[in-house]
A.B. asks: 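Structure provided below as structure tokens; questions to follow.
Nothing here was measured: the structure is a model prediction, and the numbers come from that model. We name chains A, B, ... by the order of the sequence lines, and we start the count at 1 in each one.
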Amino acid sequence: MFDPKQSVTLIGTINAFQWTSPHCWIQLSVDGPQGAVEWSIQMGSTLELYRSGWRPSTLESGEKITIVAHPMRNGSHGGLFVSAANTDGTPLKTKSAGSSTP
Amino acid sequence: MTRTLLAALVLLVIASACAQRNLPQRAQAFASLPDWTGLWESSAARLFLSPAGFLEGVDTQDEISKRVQLTGHPPLNDEWERKYQSAAHDTAAIQAAVLSAKSCATSFPLIMDWARVFQVAVTPEETLMVFESADVRHIYTDGRSHPQKDDLWPTPLGDSVGHWEGDTLVIDTVARTPGRIGMGSNDLSEQAHFVERMRRIDKNTLENQLTIDDPLRFTRPWQMTLRYSRVTDLDRMIAWDCSHDRNPVVDGELTIAPP
């Protein structure tokens with residue numbers, strides 16, 4: 001479904017961060033020549049994200065971020081998450097892996 | 001009269017308290033069991049440990065074939081060896097199998113060799129294995145046998161009974177739904193019979209010696225040793241299900257459904 005040999009860098013605004021099973025999703029609105037396009041970025045399971053320090057509050061709607069993803073082979077606006085950062089390049093604020101404490 | 005009533009009340013309170021606690025015999029049975037407290041995972045689980053759901057730069061299929069023993073080559077009889085070789089070169093069939101065996105549908109025995117964090121609860125009557133996918137294996141250790149034929153039907157996890165040999169839990173499983181093991185070409189019949197010998201070999205490692213016998217598929221029992229590491233970066237179980245699956249298969253391809 002995704003092409004692991006290709007990567008795209010998307011700068012956009014978060015429409016939704018879905019903390020769901022079996023995958024979490026980032027819905028990202030990206031401005032283009034034809035207007036805004038919504039990308040669906042697939043992530044791991046809630047357990048895998050939790051162990052990596054992510055929480056449902058890590059991303060909020062309206063936030064601007066940069067996402068690197070492996071795009072869909074069929075050219076549709078979807079991708080597999082590789083990394084994310086704030087638009088100034090600083091890392092996102094995540095917790096210590098798998099811990100309730102900051 | 002008042003004194004009698006008071007004594008009766010005290011006895012009632014003591015009896016009530018005793019009724020809520022384990023009897024000494026059961027407490028003693030608990031004390032004799034090994035401590036497998038905690039969360040455990042197979043080495044395959046580490047392949048998927050990232051926000052992306054798999055490790056960047058790792059050839060997942062290649063790593064799965066190295067780490068997941070149940071995708072290996074069993075001692076098949078001639079008929080099933082021919083089918084195995086034919087299936088191994090049938091790309092369309094492999095793709096169809098991958099699509100049909102989506103990540104949510106993991107049955108036994110693959111669930112013991114796959115990317116699933118699980119918790120073990122050892123009690124005198126049964127050992128429970130509770131998986132992140134909300135599947136639960138019940139291994140009854142109260143001396144019972146498998147149900148009679150009329151009371152037994154195939155299920156994805158099968159029917160398991162067990163007994164303790166020292167610190168080793170010996171698990172006997174039958175009635176696993178026949179069909180593919182998943183993520184590979186291997187297939188088990190309704191006559192597949194499984195024996196696991198599970199023990200803790202050090203503070204952070206559980207070992208599971210799994211033997212599968214299938215008279216309709218194998219020429220001899222298929223044996224392997226699985227190991228599970230203690231999960232140290234989770235403070236609780238994060239269970240999940242597939243209620244929000246957004247990857248439907250359309251025209252034979254996985255796709256992304258709208259949010």
A.B. asks: Are side-chain heavy atoms of R246(B) and Q18(A) found at a separation under 4.5 Å?
C.D. replies: yes
A.B. asks: Examine whether an atom of S45(A) lies under 4.5 Å from a heavy atom of chain B, and if so say whether it belongs to the side chain, the backbone or both; otherwise answer neither.
C.D. replies: side chain
A.B. asks: Measure the spacing between OG1 of T46(A) and NE2 of H244(B) and express it to the nearest 0.5 Å.
C.D. replies: 11.5 Å
A.B. asks: In chain order, what residues pass the ring-ring contact (aromatic ring centres under 6.0 Å, His included) check against F2(A), with sequence neighbours excluded?
C.D. replies: none
A.B. asks: Take L49(A) and I238(B) through the side chain to side chain contact (heavy atoms under 4.5 Å, CB included) test and state the conclusion after the steps.
C.D. replies: CA-CA 10 Å; L49(A) 263 71; I238(B) 309 291; over 6 Å; no
A.B. asks: Would you please say whether a donor-acceptor pair under 3.5 Å links the side chains of Y50(A) and D235(B)?
C.D. replies: yes
A.B. asks: Is it the case that atom NZ in K93(A) sees more than 12 heavy atoms from other parts of the structure closer than 6.0 Å?
C.D. replies: no
A.B. asks: Stepwise, does the side chain to side chain contact (heavy atoms under 4.5 Å, CB included) test hold for I256(B) with M72(A)?
C.D. replies: CA-CA 9 Å; I256(B) 297 177; M72(A) 290 283 282; 3.7 Å; yes
A.B. asks: Any side-chain heavy-atom pair from D245(B) and T20(A) closer than 4.5 angstrom?
C.D. replies: no
A.B. asks: For the OG1 atom of T255(B) and the CG atom of N74(A), what is their distance to the nearest 0.5 Å?
C.D. replies: 8.0 Å
A.B. asks: Do the side chains of R51(A) and V117(B) get nearer than 4.5 Å, heavy atoms only?
C.D. replies: yes
A.B. asks: Compare all side-chain heavy atoms of P22(A) with those of W240(B) and state whether any distance is below 4.5 angstrom.
C.D. replies: yes
A.B. asks: Sequence neighbours left out, what passes side chain to side chain contact (heavy atoms under 4.5 Å, CB included) with S57(A)? Give chain and number order.
C.D. replies: R55(A)
A.B. asks: Under the side chain to side chain contact (heavy atoms under 4.5 Å, CB included) rule, collect the residues that match up with T123(B), sequence neighbours excluded.
C.D. replies: R26(B), F30(B), E125(B), E126(B)
A.B. asks: When rounded to the nearest 0.5 angstrom, what is the spacing between NE2 in H23(A) and SG in C242(B)?
C.D. replies: 8.0 Å
A.B. asks: Taking non-hydrogen atoms and a cut-off under 4.5 angstrom, which of residues 31-40 of chain A neighbour chain B?
C.D. replies: E38(A), S40(A)
A.B. asks: Could you pull out the closest heavy-atom pair between P51(B) and F81(A), with the gap in Å?
C.D. replies: CB-CE2, 3.7 Å
